[in-house]
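The chains referred to below are lettered A, B, ... by the order of the sequence lines, with proteins before strands, and numbering in each begins at 1.
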Amino acid sequence: MTTRVRFAPSPTGYLHIGSARTALFNYLFAKHVGGKFLLRIEDTDIERSTDESTRSILEGLQWLELQHDEEIVYQSNNAPKHRAVALKLLNEGKAYRDFTPREERSGADVKAAIQERAREQKDMRDNPFRDLPKEESDRKADAGEPFAIRLKVGASGKTIFDDAVYGFQERDYSEIEDLVLLRSDGHPLYNLAVVCDDIEMRITHVIRGQDHLTNTHKQVLIYEALNAEKPTFAHLPLILAPNKGKLSKRKHGEVVSMTTYRDNGFVAAAFRNFLVLLGWSAGEEKEIYTMDELVSKFSLDHIHKNNAVFNFDANDPRHWTDDKALWMNAEYIRTMPLEDLIPLVKAELKSAKLWRDEYEDDDKIHFEKTVDLIRERFFTLKDFSSQGRAFFSEDFDFDEAAIAKNLKKFSELQTWLPELAETLETVEDFTHDTLETVIKQFAEEKGGKFGVIMNGARTLLTGLAVGPSMLAVFETLGKEKTIRRLKSQIAWSQ
RNA sequence: GGUCGGUUCGUCUAGGGGUCUAGGACACCGCCCUUUCACGGCGGCGACACGGGUUCAAAUCCCGUACCGACUACCA
């Protein structure tokens, strides 16, 4: 039997990093065993689901390169089927009509209210309509009395299943209430919908967040009522906020959204690599994996049981997201094959209006050399257009601190650097070694320090106080720009 | 409250009775390299939640306690 898994987000917001990781694990598991990775949008919560959210989720998956197989299933399209199933269970006597008036639950304090209610320790089988004779139930229904349909959970017994991550699970029926299958307005509920759809989609492995672990018992009951074969369940540890609480948009903002990473210059492969290490490890010291390696190494039995903390400090710009994610991104930028990086840099330069078509034509080699040089110290793709701006444009800013530290502190540089430009004009072979000889000699003649001259040049040439080896910068920028910028007085007048 | 999970450096983790005076990565700190630096090299700091058992031997197995989390909806 082919392995079939699904990622089933509800479109009530952007793609959350926890969901993204769930999608990733599903994808890797499917690909590892040569199975199918399906996508189902659980848009049955009419009030909260939006098309925009669906789009955002799709974009996030696409960015991470988690291509789904087959057509996307929209759960709302299946509502009639879910309803039919509820009715079928009703006819078979496995479910019953509950004529209790609906209790409206809404607002921020639902959770508290539910907990409060749960504290009462009531008997899960005390519903007065549970054993209402069929005739009477039919009569009330025919009379137009609204009713919900509840699953009739056995008086005694227990549900069991063997979770691929958490192991053997059991729960006594007395802990499970007669769950509502169909709302009194005919709207099918989550547990019913999930089970029906998973059956219809022939899902073999349900891989999802640990927050569904206890729900699973209810679903197992539905599978059994339907005489359907249960899939294998595998629950994933949660990804928590630094305070070990739930990671949410309301409390934590943009850091939890996938689009934030895409929009802030993350390399998708790097973020994916970071994500896969949250709750899973191959049991080795290696940490950087290509997608192919992940597919071949991934397995459910290396998934942890304990939750992982997504560590970041909202008040510290340098640690605005998890340090390891940031490091991973930098690592990818400086070590990934240049040909894979180039398109990403191209996109970044385009969006910053710094892209020129020559970069992949006449100027291709030089462009690639430039990217290769400056990527060494970059953390995100944004750095190519910000810190790297001077390499792609004449219109760049000078860092105030750099001017103070590298130029104004040494006033003699104001005449020396233009003089250096004159000297460099005579250099035919504008390359690293030759430049080094010439500039060292120039420094000696002036009685100045080589380093001071180089750093002054750095600021004039790039606007910054940090960057790659200056001789390489000279060479990469080329003779013409080097000379022009060394002569420029713009920075001096700031 | 109940049920179910979980607990190894600040964070991500290796480990599944002896090879653990607990390994790696990130972060942090120091030194080195150097024309700068957020590169690189070397080093440092730093953890088995606690208490009982079982065993010749426990981070690893069992029990209890503490703490954290999930669930407990006519939400998903």
Visitor: Sort and list the pairs that fulfil side chain to side chain donor-acceptor pair (under 3.5 Å) and have at least one residue in residues 236-252 of chain A, not counting sequence neighbours.
Guide: Lys249(A)-Glu254(A)
Visitor: Could you tell me which residues satisfy side chain to side chain contact (heavy atoms under 4.5 Å, CB included) with Glu368(A), sequence neighbours excluded, listed by chain and number?
Guide: Leu338(A), Ile342(A), Lys364(A)
Visitor: Where along nucleotides 61-68 of chain B does protein come under 4.0 Å, by heavy atom, of base (B) or sugar-phosphate alone (S), with - for untouched nucleotides?
Guide: -------S
Visitor: Look for any protein N or O under 3.5 Å of an N or O in nucleotides 4-8 of chain B and output each such pair with its distance, or none.
Guide:
{"unit_1": "rC4(B)", "atom_1": "O2'", "unit_2": "Gln169(A)", "atom_2": "OE1", "d": "3.3"}

Visitor: Who are the side chain to side chain contact (heavy atoms under 4.5 Å, CB included) partners of Gln169(A), not counting sequence neighbours?
Guide: Phe161(A), Asp163(A), Tyr166(A), Leu213(A), His217(A)
Visitor: Distance check, rounded to the nearest 0.5 Å: Ile303(A) atom CD1 versus Lys305(A) atom NZ?
Guide: 11.0 Å
Visitor: Identify whether any heavy atom of Ala148(A) sits under 4.0 Å from a base atom; if not, whether one sits that close to sugar-phosphate; answer base, sugar-phosphate or nothing.
Guide: base
Visitor: Give the rounded distance in Å between these two atoms: NE2 of His82(A) and C1' of rC74(B).
Guide: 16 Å
Visitor: What residues from residues 272-283 of chain A pass a heavy-atom cutoff of under 4.0 Å to RNA chain B?
Guide: Leu277(A), Leu278(A), Gly279(A), Ser281(A), Gly283(A)
Visitor: Go through the structure and list residues passing side chain to side chain contact (heavy atoms under 4.5 Å, CB included) with Asp185(A), not counting sequence neighbours.
Guide: Arg102(A), Arg183(A), His187(A)
Visitor: Report which part of the nucleic acid Glu42(A) touches: base, sugar-phosphate, or nothing (heavy-atom distance under 4.0 Å, all strands).
Guide: sugar-phosphate
Visitor: Given rU72(B), rC12(B), rC28(B), which nucleotide is nearest the side-chain atoms of Glu287(A)?
Guide: rC12(B)
Visitor: I'd like to know if the side chain of His82(A) reaches the main chain of Gln75(A), judged simply by a donor and an acceptor atom lying under 3.5 Å from each other, with no hydrogens or angles considered.
Guide: no
Visitor: Just to verify, what does Thr159(A) make a side-chain hydrogen bond (donor to acceptor under 3.5 Å, both in side chains) with, not counting sequence neighbours?
Guide: none
Visitor: Across the strands shown, which category fits Thr100(A) at heavy-atom distances under 4.0 angstrom: base, sugar-phosphate, nothing?
Guide: base
Visitor: Quick one: label Gln115(A) by what it contacts on the DNA or RNA (base, sugar-phosphate, nothing), any heavy atom closer than 4.0 Å.
Guide: base
Visitor: Taking only the side-chain heavy atoms of Ser10(A) (C-beta and beyond), determine which of rU13(B), rA76(B), rC12(B) contains the nearest atom.
Guide: rA76(B)
Visitor: Could you tell me whether Asp45(A) contacts a base, only the sugar-phosphate backbone, or nothing, with contacts defined as non-hydrogen atoms closer than 4.0 Å?
Guide: sugar-phosphate
Visitor: What is the separation between atom CD on Gln219(A) and atom P on rA70(B), rounded to the nearest whole Å?
Guide: 18 Å
Visitor: Could you tell me whether Glu224(A) and Lys230(A) have a side-chain N and a carboxylate O separated by less than 4.0 Å?
Guide: yes
Visitor: Under 4.0 angstrom, heavy atoms only, what part of the nucleic acid is His235(A) near: base, sugar-phosphate, or nothing?
Guide: nothing
Visitor: Summarise protein proximity over nucleotides 30-50 of chain B in one line of letters, 5' to 3': B for base, S for sugar-phosphate only, - for none, counting protein heavy atoms closer than 4.0 Å.
Guide: -----BBBBSS----------
Visitor: If you check every side-chain atom of Asp323(A), which of rC74(B), rA27(B), rC12(B) has the closest atom?
Guide: rA27(B)
Visitor: Suppose we screen for side chain to side chain contact (heavy atoms under 4.5 Å, CB included). Which residues come up paired with Arg48(A), at least two apart in sequence or across chains?
Guide: Thr12(A), Asp45(A)
Visitor: Listed by chain and number, what are the side-chain hydrogen bond (donor to acceptor under 3.5 Å, both in side chains) partners of Thr431(A), not counting sequence neighbours?
Guide: Asp429(A)
Visitor: Rounded to the nearest 0.5 Å, what's the gap from CG on Leu38(A) to CD1 on Ile203(A)? Could you check?
Guide: 4.5 Å
Visitor: Could you give the distance from OH (Tyr289(A)) to CD (Glu284(A)), rounded to the nearest 0.5 Å?
Guide: 3.5 Å
Visitor: Can you check the distance between rC42(B) and rC50(B), where both ends of the measurement are the C1' atom (answer in whole Å)?
Guide: 38 Å
Visitor: Under 4.0 angstrom, heavy atoms only, what part of the nucleic acid is Pro11(A) near: base, sugar-phosphate, or nothing?
Guide: nothing
Visitor: Using atom types as modelled, flag every donor-acceptor pair under 3.5 Å from a side chain in residues 145-156 of chain A to any protein atom, sequence neighbours excluded.
Guide:
{"unit_1": "Glu145(A)", "atom_1": "OE1", "unit_2": "Lys140(A)", "atom_2": "NZ", "d": "3.3"}
{"unit_1": "Glu145(A)", "atom_1": "OE2", "unit_2": "Lys140(A)", "atom_2": "NZ", "d": "3.4"}
{"unit_1": "Arg150(A)", "atom_1": "NE", "unit_2": "Asp98(A)", "atom_2": "OD2", "d": "2.7"}
{"unit_1": "Arg150(A)", "atom_1": "NH1", "unit_2": "Asp178(A)", "atom_2": "O", "d": "2.7"}

